[in-house]
Amino acid sequence: MRRFRAAVTGAITLSLALAVSACGGGSATGGGGDGSPKTLTYWASNQGANIEVDKKVLQPELDKFEKQTGIKVKLEVVPWSDLLNRILTATSSGQGPDVLNIGNTWSASLQASGALLPWDEKNFGKIGGKDRFVESALGSTGVQGQDPAAVPLYSMAYALYYNKKLFAEAGIAKPPATWDELVAAGKKLTAKGKNGIGVEGANLSNNIHQVFVLGKQHGADFFTPEGKPDFTSDGAVAAVKQYVDLMAQHKIVAPGNAEYAQNQSLSDFSKGRTGMVLWQTASATFKAQGMKDEDWGVAPAPVRSGKPGPGTATNSMVAGINMGVFKNTDNRDGALKFVKFMTSDAEQKILNKAYGSIPPVKSAQSDPAFAAPAVAVLRDTLATSAAALPQVPEESQFETVVGTAVKELFADAAAGRAVTEQSVREKLEKAQQQMPKK
């Protein structure tokens, strides 16, 4: 229940943040300054297997930045389950960090709050220019036609990870390319006493990522071209039901996954309890949890036709982490220097290697590490079959209300309650009613 309350608070806080953006996010003329030139606070998102892993990755780089500039960076790694609510609270209170990581899907929502420094030509110029970044990554930095609210830091895509040993024991010759094949493989795994596939049923953002992609495969976008919520179309209902039915109908997801929100599905996979998981750049987590590279394989996420591509063959959202600066920072000059440092070629190679992600900085992608087979699947997906989540100001509320609807449906499935087309539609109707009226 605690996570549900936090999600509701996030939706309420966002409305407050939008209403008081001039107060919480600096003045309309820019705000901020350089009153604290020797320190910065940095909220990093939890990218590794746990927070301690992230500290081990990041602290040496922050020490390097301090040695180069004399600016000390105070690091806090924030779990994904708390990050959006923490950011939204900061936008309304004005008590935020100087620099922070944000999920790229939140860019338009946080842009509308007015709390983040706009990345105009002048600010991009201070970090080497906008043209250093991959175009698809820039496409998830805010509303088209406006100055971006953040800059890309790590690029990611979803893929299907599978346990090679469990596949061999279950007689599965190759990774599934279609959803029918995935269900069939999952049933073979469950027949051997393993879970077919893991989900994070209580993780609202992860729920949205999965049902958005399935929505694309069913011809639904969840928003109209005018930006109005459209959660109850036949395609949207079919997408949500298909995802929850992995547990409710096909029984290839363990009921306990309905409560997962802290990467427990990755832990189950690493420990040989689960045969498959859909995830973004999971290789670093598997390694941290004791798996060897040869223990697992990676394949494109399934599509109905078996061949990923654009439109109804989309198999991933454009995933990634962006880096933003609070407009009312006391060290704007230092914050810009820090963003420049973190997006430099050298740091992009170090950090993206550590996390198994892809550099959104073009020149950093030349490193041979990013041509490895596991990473190549992700690069190909981003280039050919990934779609950006709607870049609308209400996107974070979409994650909250629809993500919660999916969470509740997983709870129903785990409790043995029927998940029908009607019950899915009712949950989505309730979610749509919670969205702000335009």
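- Classification of the F410-Y243 ring pair by plane angle, with boundaries at 30° and 60°, yields perpendicular.
- Residues E429 and Q433 bring no donor and acceptor atom of their side chains to less than 3.5 Å of each other.
- Between L189 and I252 there is no side-chain heavy-atom pair separated by less than 4.5 Å.
- A donor and an acceptor atom, one from each side chain of D268 and Q264, are nowhere located under 3.5 Å apart.
- D345 and S363 share a side-chain donor-acceptor pair at under 3.5 Å.
- With a 4.5 Å cut-off on side-chain heavy atoms, L214 and W179 count as touching.
- Heavy atoms of other residues, nucleotides or ligands lying less than 6.0 angstrom from CD of E421 number 12 at most.
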For this session: Please step through ring pair (Phe, Tyr, Trp, His ring centres under 6.0 Å) for the pair W296 and Y161, ending with a clear verdict.
Result: CA-CA 7 Å; W296 53 271; Y161 294 87; 5.7 Å; yes
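- For K56, the NZ atom counts as loosely surrounded, since its 6.0 Å shell holds 12 or fewer non-hydrogen atoms of other residues, nucleotides or ligands.
- Remark: the E399 side chain and the W106 side chain contain an N/O donor-acceptor pair separated by less than 3.5 Å.
- Inspection of the Y154 and N101 side chains reveals no N or O donor paired with an N or O acceptor under 3.5 Å.
- Relative ring orientation between F222 and F231 is described as tilted, the plane-to-plane angle lying within the 30° to 60° band.
- Using cut-offs of 30° and 60° on the angle between ring planes, the pair F286 and F269 is parallel.
- Looking only at atom types and distance, the side chain of T141 has no donor-acceptor partner in the side chain of N322 under 3.5 Å away.
- Side chain to side chain, Q422 and T420 fail the donor-acceptor criterion of an N or O pair below 3.5 Å.
- Residues L382 and I358 have side chains in contact (heavy-atom distance under 4.5 Å, counting atoms from C-beta outward).
- Between L40 and K72, the closest side-chain pair of non-hydrogen atoms is not below 4.5 Å.
- Nearest heavy atoms, T232 versus Q432: N-OE1, 3.8 Å.
- Side-chain polar atoms of E395 and S109 form no donor-acceptor pair below 3.5 angstrom.
- Ring geometry for H209 against Y158 counts as perpendicular: the plane angle is over 60°, on a 0 to 90° scale with 30° as the lower cut.
- Residues R86 and E76 are paired through a salt bridge, judged by an N-O separation under 4.0 Å between the basic side chain and the carboxylate.
- Taking 4.5 Å as the limit, some side-chain heavy atom of L182 sits within range of a side-chain heavy atom of M276.
- Taking a cutoff of 4.0 Å between a charged side-chain nitrogen and a carboxylate oxygen, E294 and K164 do not qualify as a salt bridge.
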I197 and L278: CA distance, side-chain angles, deciding distance, side-chain contact (heavy atoms from CB on, under 4.5 Å) verdict
CA-CA 8 Å; I197 187 168; L278 286 164; 4.2 Å; yes
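- In summary, E181 and K174 do not engage in a salt bridge, as defined by a charged side-chain N under 4.0 Å from a carboxylate O.
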